[in-house]
Every structure is written in structure tokens, then in C-alpha cells.
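Inspection log for the structure reproduced underneath, given as C-alpha cells.
Note that this is a predicted model, so its numbers are computed, not measured. Atoms within each ligand, like the ligands themselves, are counted from 1 in listed order. Numbers here are sequence positions counted from 1.
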Amino acid sequence: MKIKSATFVVSNSEVAKCPKTKLPEYAFIGRSNVGKSSLINMLTNRKSLAKTSGRPGKTQLINHFLINENWHLVDLPGYGYAKVSKKDKKTFQRFITNYFEKREQMISAFVLVDCRHEPQKIDLEFMEYLGEREIPFSIIFTKADKLRPQALERNIENYKKIMLDGIWWDFPNYFVSSSSSGEGQEEILSYIDDINSNLKLS
Ligand code: GDP
């Protein structure tokens, strides 16, 4: 998919206020600092479409971007910021679960994890939540340029092992990305393009 246009539409704190169009949308989510804004900018060939995090945990909003006039890329707030209070965490959880459970246009999510890190409880729990509700998602291993290929492979294998030892029968679809090198751009955009084409046919 070639990106012909990418524009910011709206930021919301409530799912009910998200765009009313029926355009298919794809949601990007992950821990603060995982590289989500950088990835969104890389995917769309824009320098600052998504704001790279000045203060992690501050932007607790659902951001819609219109891509090629025919689908929405949704930037969800980063989770797992240590300095957020328990009460805020609860509110945040409800906010995110509301989005996933109520937003009919949401076709598939991308859960971003930093390829350098061991699987984190918060990410695994979040993916379990998606799995239990049969919400389609892929994993994106970010910041691939920070590891040598062998170490990257090892970490992904470790991720697989831990998920398959847990509740998972299959390892989810996954991508590897680097916002510095552009790795993953083609694969992720083609994946979205293929789904969009099939949706049009159905
Ligand atoms: P967000 O909080 O998830 O939106 O993360 P950001 O996109 O703001 O990135 C957090 C930090 O990681 C910033 O310092 C980025 O420059 C850096 N970063 C993000 N993606 C990559 C990547 O693919 N490679 C490298 N080397 N650094 C990255």
C-alpha cells in the first residue's frame, strides 16, 4: 500500500464520540515508550503525525488518523506507565476495554512490544484479554535495529515459548519493525491492505 494521504481527524476521551463513519480501523497499542508514535510516523511516511512521547502516560486519548481516505489508523494511549495511580489505571482499563468492545469498525489491533525485552506481564495479560474476547490482533516487535538478528530471533522464540506454554494454542500473527530503518512498513501496510480489499469484496 502506498500512503497517498494521512491526516489527523480527532482525539477523544470517549468511544461514543469517535468518528461515525463505517471505515475500517486498525488500532495500535502498547506500553508507553514502546515506539508507537515513531512506528505510526514511519508507517505513514510522516515526521510527526503521531506525537512522540514527551511525557509518557499523558496522552490518554483515542486518536484517529484517516489514511488514503479509506481507513482509520487509531493511536490508543500507551499503558503501563508506572507513575499512574491505581484509580487512574482502572479508569484507563475501562476506557480501553470500552473501545475494543464497542467499536464495531475496529478490524484488527496491533500490540506493540519492545523486541529487546522479556515478555512483560502487562502485555501478556492484555493479549489474553483480546484473545478471550476474540478480538483479532497481531504483535509488532519494535526497535528491531537495536538487536543483532540472532538476538532478535532468540527473543521472538522466547516470546513464542512463553505464550504457547500459557493459554495460547497458536502464536499470534506477528511483525518485526524498526522506525529507524523502515523495516516492517511494507509488511504491515500490505497486511492492512489485504484485509481492506477482502472487506470490500464481502
Ligand atoms: P511511544 O511512547 O510508544 O509513542 O514511543 P516513541 O515513539 O515516543 O519512542 C520512544 C523512544 O524510543 C524515543 O526515544 C524513540 O526515538 C525511540 N524509538 C522508537 N522507535 C524506535 C526504533 O525503531 N528504533 C530505535 N533505535 N529507537 C526507537
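- The shortest separation from a heavy atom of Ser178 to ligand 1 is under 4.0 Å, placing the residue in contact.
- Counting heavy atoms from C-beta outward, Tyr26 and Ile67 have side chains that stay 4.5 Å or more apart.
- An N or O contact shorter than 3.5 Å is missing between Ala144 and ligand 1 by distance.
- At a heavy-atom distance under 4.0 Å, only side-chain atoms of Lys146, from C-beta outward, approach ligand 1.
- Between Ser177 and ligand 1, no N or O atom pair is found at a separation short of 3.5 Å.
- In this structure, of Lys143, Glu183, Arg31, Met42, the residue bringing a heavy atom nearest to atom 12 (O) of ligand 1 is Lys143.
- Interface atoms of ligand 1 facing Ser180, defined by a heavy-atom separation under 4.0 Å, are 22 (C), 23 (O), 24 (N), 25 (C), 26 (N).
- Distances between N or O atoms of Leu39 and those of ligand 1 include no value under 3.5 Å.
- Within the 4.5 Å cutoff, side-chain heavy atoms of Leu73 are placed close to those of Ile40.
- Remark: Lys161 does not engage Glu157 in a salt bridge, criterion side-chain N to carboxylate O under 4.0 Å.
- Asn63 and Ser11 are linked by a side-chain donor-acceptor pair at a separation below 3.5 angstrom, with hydrogens and angles left out of the test.
- Scanning for side-chain contact (heavy atoms from CB on, under 4.5 Å) contacts around Arg148 gives an empty result, with sequence neighbours left out.
- Note that the OH atom of Tyr129 and the OG1 atom of Thr97 stand 5.0 Å from one another [nearest 0.5 Å].
- Applying the 4.0 Å criterion to heavy atoms of Asn33 picks out, from ligand 1, the atoms 1 (P), 2 (O), 3 (O), 5 (O), 10 (C), 11 (C).
- Between the side chain of Asn68 and the backbone N or O of Lys2 there is at least one donor-acceptor pair closer than 3.5 Å.
- For ligand 1, the atoms lying closer than 4.0 Å to a non-hydrogen atom of Ser38 are 6 (P), 7 (O), 9 (O), 15 (C), 19 (C), 20 (N).
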